[in-house]
Amino acid sequence: MLRLPAHEVLQPRTVAEAVALLAEHGEKAMLIAGGTDLLPNMKHRLFEPDYLVALAGIEELRGVRDAEGGLEIGAMTTLTEVAESPLVRERAPALAQAAGLVSGPQLRNMGTLGGNVMLDTRCQWYNQTYFWRSALGYCLKKDGSKCHVVEGGQKCVAAASNDTAPALMTLGAALQFAGPRGPQELAIDAIWRPDGIWNKKFGRDQILTAIRLPAAAAGHRGAYGKLRDRGSIDFPLLGMAARVDRDPAGAVADADLCVVALQARPTRVRKAAELLRGAEPGSPGFDEAVEAVAQAAHQQCRPLDSIPGDAEYRHLMVPVLARRTLRAAAEGATVGVL
Ligand SMILES: Cc1cc2nc3c(=O)[nH]c(=O)nc-3n(C[C@H](O)[C@H](O)[C@H](O)COP(=O)(O)OP(=O)(O)OC[C@H]3O[C@@H](n4cnc5c(N)ncnc54)[C@H](O)[C@@H]3O)c2cc1C
Ligand code: SF4
């Protein structure tokens with residue numbers, strides 16, 4: 001049986017108290033939201049904080065609210081609540097679909113949107129027990145000096161594997177933080193670093209308090225497609241979110257396609273908007289544009305062996321997932337099982 005390392009749980013009632021506790025205990029403390037990722041990681045001795053600052057008792061961090069036609073979602077809102085919220089389904093369908101495809105129902109009932117955004121990167125040589133990792137001599141990300149994915153590599157390429165991240169990118173989300181230097185708002189595109197050890201640009205002393213989505217365009221449509229081993233529960237082998245905004249005549253006015261489970265940061269497929277603009281879903285021109293984006297994605301996205309599953313197979317599935325996700329988005333549908 002894997003046991004948790006000894007630790008003390010601190011239970012603030014306000015964000016200000018939580019910020020103060022993080023500042024007081026520095027590197028000895030970590031935040032815990034639903035705990036669905038952090039606790040297994042602690043059992044694997046990937047993190048051994050002396051203090052867990054629990055966000056569960058802070059009411060102000062929960063809920064989905066209208067924000068000037070857009071949405072404000074508290075960081076502690078559970079994935080189930082996000083997936084089932086009528087407001088999220090109507091205004092941000094890609095996010096509702098992505099949240100509904102994270103792991104399985106029990107973990108979605110505990111796991112939060114904030115914890116998903118802040119998820120640690122994943123690697124099949126890292127997300128293992130201490131004993132397993134010790135047999136391999138550990139790795140760069142934790143306790144060792146070698147990367148087992150890139151021979152001689154000096155940089156960790158563990159992959160961002162959070163399903164909601166690409167959906168939030170296509171929706172132009174802004175993240176609100178509280179911290180010792182005061183509140184901060186950052187566009188989600190601006191938070192990522194290409195470093196699997198810590199793939200975010202802000203300090204570990206900051207608390208994500210809310211995710212804000214601007215009002216969507218009138219003809220907004222979105223979808224999230226996920227490749228995984230089992231339909232019931234699994235991290236993405238590939239995850240793709242699409243936004244297709246249609247003008248009053250039905251043609252594509254704007255579009256976006258973002259991918260997760262490749263490298264340390266989620267990736268935007270370049271030229272997706274350029275290739276799709278003006279095409280009318282249902283017409284041969286739209287099919288050609290989708291094919292051009294699928295091929296651009298295949299060229300740009302290079303899955304690595306950090307994620308389980310054959311990397312070449314995952315690479316071949318990039319255009320398949322791109323086609324299905326873009327079509328589902330354009331039609332206001334879901335991608336279905338892959
Ligand atoms: C079997 C299994 C399958 C899974 N499958 C998937 C999957 O398919 N897709 C997927 O995306 N995830 C998956 N997960 C991971 C996890 O369940 C989800 O990502 C979940 O959303 C994490 O949220 P949480 O609230 O439980 O975060 P926690 O585990 O509590 O925290 C995760 C990390 O975020 C930090 N953190 C949490 N909240 C905040 C905040 N408000 N501000 C700053 N930092 C914060 C924590 O310190 C920790 O480092 C899986 C986990 C397991 C165990
Ligand atoms: S990519 Fe994997 S093996 Fe390489 S350093 Fe990162 S976690 Fe370790």
Side-chain angles (χ1 to χ4, degrees), residues 15 18-19 22 29-44 46-47 49 52-56 58 61 74-80 82 98-104 106-128 133 136-151 153-167 175-179 195-200 202-211 226 228-230 232-237 239 260-261 263-264 304-307:
V15 170
V19 168
L22 276 187
M30 281 186 84
L31 291 168
I32 181 164
T36 60
D37 197 64
L38 182 60
L39 295 177
N41 286 348
M42 284 173 64
K43 289 183 176 179
H44 289 172
L46 297 170
F47 300 106
L52 286 181
V53 178
L55 298 176
I58 307 181
L61 293 178
M76 284 299 291
T77 309
T78 66
L79 294 164
T80 301
V82 172
L101 288 172
V102 172
S103 65
Q106 294 90 340
L107 293 180
R108 291 196 293 273
N109 288 342
M110 283 303 292
T112 63
L113 181 59
N116 195 253
V117 173
M118 300 300 296
L119 192 71
D120 191 19
T121 56
R122 290 186 64 81
C123 174
Q124 58 180 332
W125 314 102
Y126 166 77
N127 293 98
Q128 302 288 355
R133 291 184 297 115
L136 205 71
Y138 311 101
C139 81
L140 262 183
K141 184 161 158 95
K142 176 80 176 133
D143 301 322
S145 56
K146 262 196 200 163
C147 177
H148 305 291
V149 176
V150 180
E151 214 182 308
Q154 293 304 307
K155 205 158 112 188
C156 170
V157 292
S161 302
N162 31 3
D163 283 299
T164 65
L175 308 184
Q176 298 187 325
F177 292 91
D195 179 355
I197 291 178
W198 176 242
N199 72 340
K200 301 173 189 75
F202 47 84
R204 293 185 198 246
D205 56 354
Q206 287 177 283
I207 300 175
L208 175 62
T209 53
I211 294 99
K226 176 167 176 172
R228 56 181 173 180
D229 280 332
R230 297 166 293 187
S232 53
I233 188 168
D234 259 333
F235 279 95
L237 299 179
V260 79
Q263 326 111 15
L304 297 170
D305 281 329
S306 45
I307 299 266

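In each ligand, atom 1 is the first atom listed, and ligand 1 is the first ligand listed.
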Sequence-distant partners of N162, side chain to side chain donor-acceptor pair (under 3.5 Å), two or more places apart: none
Atom 11 (O) of ligand 1: the protein heavy-atom neighbour that sits closest, reported with distance to 0.1 Å: N116 ND2, 2.8 Å
Distance-only polar pair, side chains of T164 and N116, donor-acceptor under 3.5 Å: yes
D120-ligand 1 polar pair, N/O distance under 3.5 Å: no
Polar atom proximity, G114 to ligand 1 (N or O, under 3.5 Å): no
Donor-acceptor contact below 3.5 Å, side chain N199 vs main chain D195: no
Minimum non-hydrogen distance to atom 23 (O) of ligand 1, winning option of V260, D163, T112: T112
Under-4.0 Å salt bridge between K141 and D120: yes
Ligand 1-proximal atoms of M118, by part, heavy-atom distance under 4.0 Å: both
Sub-4.0 Å heavy-atom approach of R108 to ligand 1: no
Per-atom contacts, ligand 1 versus A33 - under 4.0 Å to a heavy atom: 25 (O), 30 (O), 37 (C), 38 (N)
Q206 N/O under 3.5 Å from ligand 1 N/O: no
Identity and separation of the nearest protein heavy atom to atom 32 (C) of ligand 1: G115 O, 3.9 Å
Shortest protein heavy-atom distance from atom 49 (O) of ligand 1, along with the residue and atom involved: M30 CE, 3.7 Å
Closest protein heavy atom (residue, atom, distance) for atom 3 (C) of ligand 1: S103 CB, 3.5 Å
Geometric N/O contact L79 with ligand 1, under 3.5 angstrom: no
Protein contact of atom 43 (C) of ligand 1 - nearest heavy atom, named by residue and atom, plus distance: L31 CD1, 3.4 Å
Proximal ligand 1 atoms for K226, defined as those under 4.0 Å from one of its heavy atoms: 7 (C), 8 (O), 9 (N)
Within-cut-off N or O pair, G35 and ligand 1, under 3.5 Å: yes
Mode of L55 contact toward ligand 1 - side chain, backbone, both, neither (heavy atoms, under 4.0 Å): side chain
Closer than 2.8 Å to atom 4 (Fe) of ligand 2 - protein N, O or S atoms, ordered by chain and residue number: C147 SG
Non-hydrogen atom of N162 closer than 4.0 Å to ligand 1: yes
For atom 52 (C) of ligand 1, closest protein heavy-atom neighbour: L107 CD1, 3.5 Å
Closest protein heavy atom to atom 50 (C) of ligand 1, given as residue, atom name and distance to 0.1 Å: F235 CZ, 3.1 Å
Numbering as shown, the atoms of ligand 1 that approach I207 to under 4.0 Å (heavy-atom distance): 42 (N)
Under the side chain to side chain donor-acceptor pair (under 3.5 Å) test, residues paired with D305 that sit two or more places apart: none
L208, any N or O under 3.5 Å of ligand 1 N or O: yes
Polar atom proximity, L38 to ligand 1 (N or O, under 3.5 Å): yes
Residue L119 vicinity, atoms of ligand 1 by number, heavy atom under 4.0 Å: 15 (C), 19 (O)
Identity and separation of the nearest protein heavy atom to atom 53 (C) of ligand 1: T36 O, 3.4 Å
Ligand-residue contact atoms, ligand 1 with G111, heavy atoms, under 4.0 Å: 23 (O), 24 (P), 25 (O), 26 (O)
Pairing residues for S161 by the side chain to side chain donor-acceptor pair (under 3.5 Å) criterion, not counting sequence neighbours: none
